[in-house]
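Structure record follows, encoded as structure tokens.
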Number of protein chains: 2
Amino acid sequence: MNQHQNLPSRSLNRDAWIRAAIDLLAKEGIAGLRVERLAHRLGVTKGSFYWHFKDRRDLHLAVLEHWKAGRIADIDKQTRCPSGTEAEQLLHVIDVYSASRNPRGILIELAVREWARRDEAAAAVVSEVDAVRLDRARRLFLACGLDEATATARAALLYAYVFGMSLLLLPVASHELEAMRRQIAQWIAACPSRTA
Amino acid sequence: MNQHQNLPSRSLNRDAWIRAAIDLLAKEGIAGLRVERLAHRLGVTKGSFYWHFKDRRDLHLAVLEHWKAGRIADIDKQTRCPSGTEAEQLLHVIDVYSASRNPRGILIELAVREWARRDEAAAAVVSEVDAVRLDRARRLFLACGLDEATATARAALLYAYVFGMSLLLLPVASHELEAMRRQIAQWIAACPSRTA
DNA sequence: TATCTTCCATACGATACCGTATGGTAAACC
DNA sequence: GGTTTACCATACGGTATCGTATGGAAGATA
């Protein structure tokens, strides 16, 4: 046992490896997530890695599970709101995925989606997360008074927009860009019942 | 000289390598664009590669230039239309970037943008292409009667949406998805002067 | 026919990485 | 104190890749 129970151990544990792996994934992409590089970053050798993980794939799957759990927990927080404030909450959801407000999260998001294009396990996790996100956003739109088809389409537009925006390299001055983002967010989150 | 002038040569030339490189880039990403794999795909060894290219970076830059020129030429074609048909043309632009209509182009687009997040030269090329795309779309919106700020924002939304959509893994049946895409395209391309 | 140019194959050293095998160390336990 | 356990270092074989050096073959040229 490590001292008693939950005290942070001096030595590395599986979770520390996973967190460091996500950092490296964000910076270098899945192709750069290499065992020996990760070990070097943590100041140890890969002897430590293979103590905590069976192989590289074991780490990959652990990273995906960790990411999925974190995303779903976040979605829960971001889409719960008092009745009547759904439109404002949708604006908040859009804001959370702005690269300027959450650069690290966006980098991880993009890295995982890039990964998902060439890895079935990653694709399955992204599908699950997308399904939850779409459902929660759709409910907010429904609460705003939109019909089923429109709510679903708006939810898809919302997430396509936020991720797509972080893919563009626009030649727009940053303060104008911020105003532009607000205008677009208003369009996407606009509801018949409230001007928001 | 190779026979006369423009007859396709039996042996490889720089352009054949670049085209094959873009195929491999689409499939494997920039990390998978390796000299020896590419040579193997072309049925030769890397001895040939290093005859046509100084090094791997030389190929990378050539790929970027080739892609940039192709994109800008495409944008020219896609955004030229008779006066009065701008709204329809915008719908066509959206359609062109649908993954179902142009899977290869989308894969290349995503691979280049992934590349651009970690490579300055790639980022510069993407910036140029985005600037041209944004400008042309903006002009179409202006011709529809939108004001400057709105036209710019709509153009950004248009491209963020099309690229973002190809990043999502939505749990929507494909025929419903098609209807949803049409509805979203109508929103984005909607103009005051025409219902489109 | 002899040579030259173009294009490619082969062989090489160097690096980075994977996964395994094995030894070492320090704390926990008895 | 001796042993066990958790964690890590080191060393190894194997693979993939980069870029270079060098030789060869086939067509163009003279």
Side-chain angles (χ1 to χ4, degrees), chain A residues 1-25 27-64 111 114-115 118-119 121-122, chain B residues 1-25 27-64 111 114-115 118-119 121-122:
Chain A
M1 252 325 124
N2 174 43
Q3 257 115 315
H4 305 83
Q5 285 281 28
N6 294 332
L7 292 182
S9 82
R10 276 175 9 283
S11 57
L12 297 173
N13 54 21
R14 231 178 124 85
D15 226 61
W17 279 96
I18 293 172
R19 280 195 304 271
I22 291 179
D23 275 346
L24 190 54
L25 172 67
K27 211 170 274 186
E28 309 272 359
I30 186 60
L33 184 47
R34 299 286 165 77
V35 172
E36 310 199 35
R37 276 207 227 184
L38 189 56
H40 185 74
R41 267 175 159 244
L42 287 169
V44 295
T45 67
K46 62 181 173 174
S48 172
F49 177 85
Y50 287 100
W51 171 260
H52 295 284
F53 298 89
K54 179 180 173 293
D55 53 19
R56 194 162 169 252
R57 188 61 179 170
D58 188 17
L59 173 68
H60 285 174
L61 299 180
V63 163
L64 287 175
E114 165 212 332
W115 184 6
R118 296 173 191 110
D119 185 296
Chain B
M1 249 328 121
N2 174 45
Q3 257 116 315
H4 305 81
Q5 286 281 28
N6 296 333
L7 293 182
S9 81
R10 276 176 8 284
S11 58
L12 297 173
N13 55 22
R14 221 167 187 282
D15 225 62
W17 279 96
I18 293 171
R19 281 194 303 272
I22 291 179
D23 275 346
L24 190 54
L25 173 67
K27 210 170 275 181
E28 309 272 359
I30 186 60
L33 183 47
R34 298 285 164 79
V35 172
E36 310 200 35
R37 278 208 225 184
L38 189 56
H40 186 73
R41 267 173 159 245
L42 287 169
V44 295
T45 67
K46 62 182 173 173
S48 172
F49 177 86
Y50 287 101
W51 171 258
H52 294 284
F53 298 89
K54 179 179 173 295
D55 54 20
R56 194 162 170 251
R57 189 60 179 169
D58 188 18
L59 173 68
H60 284 174
L61 299 180
V63 163
L64 287 175
E114 166 211 331
W115 185 5
R118 297 175 191 107
D119 184 298

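Each chain gets a letter, A, B and so on, in the order the sequences are listed, and its residues count up from 1.
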[N] [atom2] sits how many Å from [X] [atom1], rounded?
X: B/L59; N: D/dC18; atom1: CG; atom2: P; answer: 10 Å
X: B/Y50; N: D/dG19; atom1: OH; atom2: C1'; answer: 5 Å
X: A/L12; N: C/dT25; atom1: CG; atom2: P; answer: 19 Å
X: B/L38; N: C/dC8; atom1: CG; atom2: P; answer: 12 Å
X: A/H40; N: D/dA9; atom1: NE2; atom2: C1'; answer: 15 Å
X: B/R14; N: C/dT6; atom1: CZ; atom2: P; answer: 15 Å
X: A/I30; N: C/dC18; atom1: CD1; atom2: P; answer: 11 Å
X: B/L42; N: C/dA9; atom1: CG; atom2: C1'; answer: 15 Å

Taking the nucleotide of DNA chain C with the nearest heavy atom to each, does A/K54 or B/W17 sit closer to the 5' end? B/W17
Given B/W115 and B/L33, is the side-chain contact (heavy atoms from CB on, under 4.5 Å) satisfied, shown in steps? CA-CA 11 Å; B/W115 185 5; B/L33 183 47; 5.6 Å; no
Output every pair passing salt bridge (Lys or Arg N to Asp or Glu O under 4.0 Å) with a member in residues 48-57 of chain B, not counting sequence neighbours, ordered by first then second residue. B/R57-B/D119
Quick one: which of C/dC8, D/dC7, D/dG19 gets closest to the side chain of A/W51? D/dC7
Output the single nucleotide from C/dG19, C/dA9, D/dC7 whose closest atom is nearest the side chain of A/H52. D/dC7
Please round to the nearest 0.5 Å and tell me the distance separating atom CG of A/L25 and atom CD of A/E114. 8.0 Å
Under 3.5 Å between N/O atoms: give me all the protein pairs with nucleotides 10-17 of chain C, atom names plus distance.
unit_1	atom_1	unit_2	atom_2	d
C/dC17	OP1	A/R37	NE	2.9

Testing B/F49, B/W51, B/Y50 one by one against B/W17 for a ring pair (Phe, Tyr, Trp, His ring centres under 6.0 Å), which residue passes? B/F49
Going by side chain to side chain donor-acceptor pair (under 3.5 Å), name the residues that satisfy it together with B/R118, two or more places apart in sequence or in a different chain. none
Can you give me every donor-acceptor pair (side chain of residues 34-45 of chain A, partner residue at least two apart or in another chain, under 3.5 Å) with its distance?
unit_1	atom_1	unit_2	atom_2	d
A/R34	NE	A/A31	O	3.0
A/R34	NH2	A/A31	O	3.0
A/E36	OE2	A/K46	NZ	3.3
A/T45	OG1	A/G47	N	3.4

Check this for me: does any side-chain nitrogen of one of A/R19 and A/D15 sit under 4.0 Å from a carboxylate oxygen of the other? yes
